[in-house]
Amino acid sequence: MALDTDAAELVTDAPYVAHVATTTADEPRVSPVWYAYDPERGVLEFLGKGQKVADLRENPKVALSVRNPEEQWHVSIRGTATVIGDVAEINDATRRIFPEYLDGDDPEEWGVSGEKLTFDPDDVLVRVEVRTLTARDSR
């Protein structure tokens with residue numbers, strides 16, 4: 001695993017949006033996602049549904065990028081994704097992801113309630129075992 005500690009600090013510094021690249025035999029796709037990165041475990045997590053998740057089930061190899069245009073850097077991330085449908089794990093991940101992007105730590109403050117703490121009942125957890133994490137100057 002090639003993890004750049006500077007890159008890890010950059011992607012956890014603020015609530016940036018990651019762009020997830022997936023592919024099938026037909027075509028590639030890119031989707032923006034909110035995420036949480038845990039440098040201790042070398043794991044990046046996000047919630048997803050639809051074609052993005054179907055792509056990852058078919059081909060779990062994934063690439064992500066996080067960019068800060070003001071400071072002119074970007075981080076490239078590559079790894080292998082696992083799709084997880086367990087509600088308890090989804091809720092645990094939601095509690096790690098959402099506070100970075102929304103006010104407060106309480107799901108009711110985020111406007112979610114019920115058994116699954118997501119905005120869409122079809123959301124699943126995608127956990128990426130990060131293989132490489134590299135920062136680059138965008139200038």
Excluding sequence neighbours, so at least two apart, what forms side-chain contact (heavy atoms from CB on, under 4.5 Å) with P99? D105, W110

Listed partners of D86 passing side-chain contact (heavy atoms from CB on, under 4.5 Å), at least two apart: I84, A88, E89

Can V43 be reached from I97 by stepping across I, L, V, M, F, W or Y side chains whose heavy atoms are under 4.5 Å apart?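 In one cluster with I97: V43, no.
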
Within 6.0 Å of CZ in R127, more than 12 heavy atoms from elsewhere: yes

Could you list the residues that satisfy salt bridge (charged side-chain N to carboxylate O under 4.0 Å, His left out) with D6, not counting sequence neighbours?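 D6: no salt bridge (charged side-chain N to carboxylate O under 4.0 Å, His left out) contacts found.
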
With sequence neighbours left out, write down each residue that passes salt bridge (charged side-chain N to carboxylate O under 4.0 Å, His left out) with R96, or none if nothing qualifies.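 Applying salt bridge (charged side-chain N to carboxylate O under 4.0 Å, His left out) to R96 gives E45.
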
Considering non-hydrogen atoms only, spot the tightest contact between [X] and [Y] and give its length.
| X | Y | result |
| --- | --- | --- |
| V130 | L133 | CG1-CB, 4.1 Å |
| I90 | G85 | CD1-O, 3.6 Å |
| G48 | K52 | CA-CE, 4.0 Å |
| Q51 | R29 | CG-NE, 2.7 Å |
| F98 | L47 | CE1-CD1, 3.8 Å |
| G79 | V128 | CA-CG1, 4.0 Å |

Considering only heavy atoms from C-beta outward, does the side chain of L117 approach that of R95 to under 4.5 Å?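 L117 reaches R95 side chain to side chain.
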
Is the closest basic N to carboxylate O distance between R131 and E129 below 4.0 Å?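 Salt bridge: no.
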
Can you label the angle between the Y35 ring and the Y101 ring as parallel, tilted or perpendicular, going by 30° and 60°? perpendicular

To the nearest 0.5 Å, tell me how far H74 NE2 sits from T134 OG1. 9.0 Å

Enter the distance from E109:CD to L102:CG here, rounded to the nearest 0.5 Å. 9.5 Å

Look only at the side chain of N91 and the backbone of E115, and say whether a donor-acceptor pair between them is shorter than 3.5 Å. yes

Quick one, Y37 with F46, criterion side-chain contact (heavy atoms from CB on, under 4.5 Å). Give me CA distance, side-chain angles, the key distance, then yes/no. CA-CA 9 Å; Y37 176 64; F46 61 90; over 6 Å; no

side-chain contact (heavy atoms from CB on, under 4.5 Å) between T22 and N59: does it pass, once the steps are laid out? CA-CA 8 Å; T22 62; N59 179 0; over 6 Å; no

Donor-acceptor pairs under 3.5 Å, side chain of residues 8-21 to any protein atom, not counting sequence neighbours: which ones?
{"from": "T12", "atom 1": "OG1", "to": "A8", "atom 2": "O", "distance (Å)": "2.9"}
{"from": "T12", "atom 1": "OG1", "to": "E9", "atom 2": "O", "distance (Å)": "3.3"}
{"from": "Y16", "atom 1": "OH", "to": "N68", "atom 2": "ND2", "distance (Å)": "3.0"}

Give me each pair satisfying side chain to side chain donor-acceptor pair (under 3.5 Å) with a member in residues 116-126, each pair once, sequence neighbours excluded.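 Those involving residues 116-126 are K49-D120.
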
